[in-house]
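Contents: one structure, followed by commentary.
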Amino acid sequence: VQLQASGGGLVQAGGSLRLSCVVFGKSVMRTNAMGWVRQASGKERELVARINSYGGTNYADSVKGRFTISRDHAKNTAYLQMDSLKPEDTAVYYCFGEIYIPSSSIPQDYWGQGTEVTVSS
């Protein structure tokens, strides 16, 4: 099972970025929830957004109203649309998936590589 994230970069404050995270691999039976966490330099990892298999979402208070998580089940891909970005959103963003594989009856957590988001003031 692999998760591949993309879409990070450098943007000015007030700008937008869209992150993508695709799940693939022969062992992927079904993807339950997907989401992103972020870690800024010197800070603890923070859950940014999560979307379950029914489309239910939850967000960190710091991003509510600015970030939108969505997913395309057919493509096994989740997206994080980030608008009105602030310098404090600067961090490495990691996508995750709760994935059913043949050897387990409960979903397993898998992580993608980090993608860096830098917001300049």
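Just so you know, these numbers use all the heavy atoms, side chains as well, and skip hydrogens, waters and symmetry mates.
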With sequence neighbours excluded, what pairs up with Lys26 under the side-chain hydrogen bond (donor to acceptor under 3.5 Å, both in side chains) test? none

From CA spacing to verdict: side-chain contact (heavy atoms from CB on, under 4.5 Å), Asp109, Phe96: CA-CA 7 Å; Asp109 293 339; Phe96 66 88; 5.7 Å; no

With a 4.5 Å cut-off on side-chain heavy atoms, are Val63 and Arg38 touching? yes

So do the side chains of Pro102 and Ser27 get within less than 4.5 Å of each other, counting heavy atoms only? yes

Would you call Arg50 and Glu98 a salt bridge, taking side-chain N to carboxylate O under 4.0 Å as the test? yes

Axial cation check for Tyr94 ring with Arg45, 6.0 Å and 45° limits: yes

Atom OH of Tyr93 and atom CG of Leu19: how far apart are they, to the nearest 0.5 Å? 7.5 Å

Flag this pair as yes if the NZ/CZ of Arg71 is under 6.0 angstrom from the six-membered ring centre of Tyr79 and inside a 45 degree cone about the axis; otherwise no. no

Using the side-chain hydrogen bond (donor to acceptor under 3.5 Å, both in side chains) definition, which of the options Lys86, Glu46, Glu88 pairs with Ser62? Glu46

Atom of Ser104, atom of Ile106 and distance for their closest heavy-atom approach: OG-O, 2.9 Å

Supply the atom-to-atom distance His73 NE2 to Met34 CE, rounded to the nearest 0.5 angstrom. 10.0 Å

Find the distance between OG (Ser20) and CG (Leu3) and round it off to the nearest 0.5 Å. 12.0 Å

In terms of heavy-atom contacts, Gly8 and Val117 come closest through CA-CG2, 4.2 Å

Please tell me if the side chains of Gln108 and Ile99 come closer than 4.5 Å, counting only heavy atoms from C-beta onward. no

Whether the side chain of Thr57 engages the backbone of Ile51 through a donor-acceptor N/O pair (distance < 3.5 Å, no angle test) should be reported. no

For the residue pair Gln81 and Phe67, establish whether any side-chain heavy-atom pair is separated by less than 4.5 Å. no

Apply side-chain contact (heavy atoms from CB on, under 4.5 Å) to residues Gln12 and Val119 and explain how you reach the verdict. CA-CA 5 Å; Gln12 288 188 333; Val119 184; over 6 Å; no

Here the pair of heavy atoms bringing Pro107 nearest to Asn32 is CG-ND2, 4.2 Å

Check for a donor-acceptor pair, side chain of Gln113 on one end and backbone N or O of Ala5 on the other, with a separation under 3.5 Å. yes

Looking only at non-hydrogen atoms, find the nearest pair between Val28 and Thr31 and report the distance. CG1-OG1, 4.0 Å

Which pair of non-hydrogen atoms, one from Ser121 and one from Pro87, has the smallest distance, and what is that distance? CB-CG, 3.8 Å

Set out, in order, the CA-CA distance, both residues' side-chain angles and the distance that settles side-chain contact (heavy atoms from CB on, under 4.5 Å) for Val22 and Lys75, then state yes or no. CA-CA 7 Å; Val22 58; Lys75 296 181 179 179; over 6 Å; no

Please examine the side chains of Thr115 and Val92, heavy atoms only from C-beta on, and report whether any two atoms are closer than 4.5 Å. no

Answer yes if the side chains of Thr77 and Asp72 hold a donor-acceptor pair under 3.5 Å, and no otherwise. no

Indicate the atoms forming the closest heavy-atom contact of Leu17 with Leu85, along with that distance. N-CD1, 3.8 Å

Heavy-atom check, side chain of Arg66 versus side chain of Tyr59, under 4.5 Å: no

Is any side-chain heavy atom of Cys21 closer than 4.5 Å to a side-chain heavy atom of Trp36? yes

Measure the shortest side-chain to side-chain distance between Val1 and Ile101 over non-hydrogen atoms and say whether it is less than 4.5 angstrom. yes

